[in-house]
K.L.:
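My structure is below; once you've seen it, I'll send some questions.
Protein chains get the first letters and strands the later ones, always in sequence-line order, with residue 1 at the start of each. Given the structure is predicted, the values throughout are model-derived calculations rather than measurements.
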2 protein chains.
Amino acid sequence: MQAEEAILALGALAQEHRLALFKLLVRAGAEGLPAGAIAAELDIPNSSLSFHLAQLNRAGLVNQTRSGRSLIYSANYAEMNALMGYLTENCCAGGTSCGAEDSGEAGSSSAVFVTAQSKGNSA
Amino acid sequence: MQAEEAILALGALAQEHRLALFKLLVRAGAEGLPAGAIAAELDIPNSSLSFHLAQLNRAGLVNQTRSGRSLIYSANYAEMNALMGYLTENCCAGGTSCGAEDSGEAGSSSAVFVTAQSKGNSA
DNA sequence: CGGCCATTTCAAGAAAACTCGAAACGAGCG
DNA sequence: CGCTCGTTTCGAGTTTTCTTGAAATGGCCG
């Protein structure tokens, strides 16, 4: 991940509704949630939600799937992991090679955001 | 850390100049850098830099120290760790108790951003 | 104490983000 | 095939963020 992409992801999460939205999707797991359910849960008008969903999508943090008339959104754990990795790399004071300024994609950071398989999230 | 604080920190980093600035300070280590050196390094007008520095400071991501006429800024690793922890907790699919919706401050996440003691950063 | 130098604050304008009702779009049911 | 329902797009208004020169502040040297 490079800076521009990280900024996009960071900016996508730096908003009350979108952070709540992403948290909701992370909690919902791989099955995701339809847009309508999210709007109802977060108590946000449909058009506003759509705007935020588009932002998150543009940042690559959510995936979109169709299921009948509904569009199902789910958290993109890979992108979130990439963001965490970027943040970790740019601190790089944890023990890894620190002097590395722009060694490209390292990817050596441990993946914290594993794909949460559905574990009883009935909501 | 709670959502509002995380949003502030996320927003502080979600900006080209500020992300570069924070990266620079992280790399600079505990000794930090004077404002002027940062402005020169990043090629940003003093007033703009001051604005961004204030943003980062408001988010608690940087510390301010005086040294003669210069103000030295350094990265606040603790706050960054808190942010990483918040992000990790809200994913919570890594192995910790996942169903915990708002269990307050967990702090069980491993600190990745340890205070980088000056390790030969001569710049 | 007078001046200088690093930095911040002020003010004003430009650009971007956010909000949300209304209209449009498209899939699927009957 | 027409209708309905879930969702997105559009448009317009409000708010926030970003930028920068100029002025103010405060420490320090002589």
K.L.:
Give the minimum heavy-atom separation between A:L56 and A:R18, together with the two atoms involved.
P.N.:
CD2-O, 3.9 Å

K.L.:
Roughly how far, to the nearest 0.5 Å, is the CG atom of A:L21 from the CG atom of A:L19?
P.N.:
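Spacing of CG (A:L19) from CG (A:L21) equals 9.0 Å.
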
K.L.:
Are the side chains of B:F22 and B:M80 in contact, using a 4.5 Å heavy-atom criterion?
P.N.:
yes

K.L.:
Could you tell me the separation between the CE atom of B:M1 and the CG atom of B:L8, rounded to the nearest 0.5 Å?
P.N.:
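Taking CE in B:M1 and CG in B:L8, the distance rounds to 9.0 Å.
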
K.L.:
Can you name the nearest heavy-atom pair linking A:A12 to A:L61, along with the distance?
P.N.:
CB-CD1, 4.0 Å

K.L.:
Just call it for B:S70: base, sugar-phosphate, or nothing, with non-hydrogen atoms closer than 4.0 Å on any strand.
P.N.:
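Counting heavy atoms under 4.0 Å across all strands, the contact made by B:S70 is with sugar-phosphate only.
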
K.L.:
Among C:dT7, C:dT8, D:dC28, which nucleotide sits nearest the side chain of B:P34?
P.N.:
C:dT7

K.L.:
Which whole-number value in Å describes the distance from A:R69 CZ to D:dC5 C1'?
P.N.:
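About 5 Å, once rounded to whole Å.
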
K.L.:
Looking only at heavy atoms, which two atoms of A:Q64 and A:Y73 are closest? And how far apart?
P.N.:
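Distance-wise, the nearest heavy atoms are NE2-OH, 2.6 Å.
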
K.L.:
B:Q64 CD to C:dT7 P: how many Å, rounded?
P.N.:
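Result: 11 Å.
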
K.L.:
For the pair made of CG in A:L42 and P in C:dC20, what is the distance, rounded to whole Å?
P.N.:
13 Å

K.L.:
How long is the line joining CD1 of A:I38 and P of D:dT8, in whole Å?
P.N.:
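So the two atoms are 9 Å apart, to the nearest Å.
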
K.L.:
Of the candidate nucleotides C:dT7, D:dG27, D:dT4, which contains the atom at the shortest distance from the side chain of B:R66?
P.N.:
D:dG27

K.L.:
More 5' along DNA chain D: B:S67 or A:A35, using each one's nearest nucleotide?
P.N.:
A:A35

K.L.:
B:L53 CG to C:dT9 P: how many Å, rounded?
P.N.:
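To the nearest whole Å, that distance equals 10 Å.
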
K.L.:
Rounding to an integer number of Å, can you tell me how far A:L71 CG sits from D:dC5 P?
P.N.:
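Distance, rounded to whole Å: 17 Å.
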
K.L.:
Below the 4.0 Å mark, does D:dT8 have OP1 or OP2 next to a side-chain nitrogen or oxygen of A:Y73?
P.N.:
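So the side chain of A:Y73 is within the cut-off, an N or O lying under 4.0 Å from OP1 or OP2 of D:dT8.
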
K.L.:
Quick one: B:I72 CD1 to D:dG27 P, roughly how many Å, whole number?
P.N.:
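In whole Å, D:dG27 P lies 15 Å from B:I72 CD1.
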
K.L.:
Using atom CG of A:D43 as one end and atom P of C:dT19 as the other, report the distance to the nearest whole Å.
P.N.:
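To the nearest whole Å, that distance equals 13 Å.
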
K.L.:
Below 4.5 Å, heavy atoms only, C-beta onward: do A:I72 and A:S67 meet side chain to side chain?
P.N.:
yes

K.L.:
Please tabulate the protein-to-nucleotide N/O contacts below 3.5 Å involving nucleotides 16-23 of chain D, giving atom names and distances.
P.N.:
{"residue": "D:dC18", "atom": "OP1", "partner": "B:R18", "partner atom": "NH2", "Å": "3.0"}
{"residue": "D:dC18", "atom": "OP2", "partner": "B:R18", "partner atom": "NH1", "Å": "2.8"}
{"residue": "D:dC18", "atom": "OP2", "partner": "B:R18", "partner atom": "NH2", "Å": "3.2"}
{"residue": "D:dT19", "atom": "OP2", "partner": "B:H52", "partner atom": "NE2", "Å": "2.5"}
{"residue": "D:dT20", "atom": "OP2", "partner": "B:S48", "partner atom": "OG", "Å": "3.3"}
{"residue": "D:dG21", "atom": "N7", "partner": "B:S47", "partner atom": "OG", "Å": "3.2"}
{"residue": "D:dG21", "atom": "O6", "partner": "B:S47", "partner atom": "OG", "Å": "3.4"}

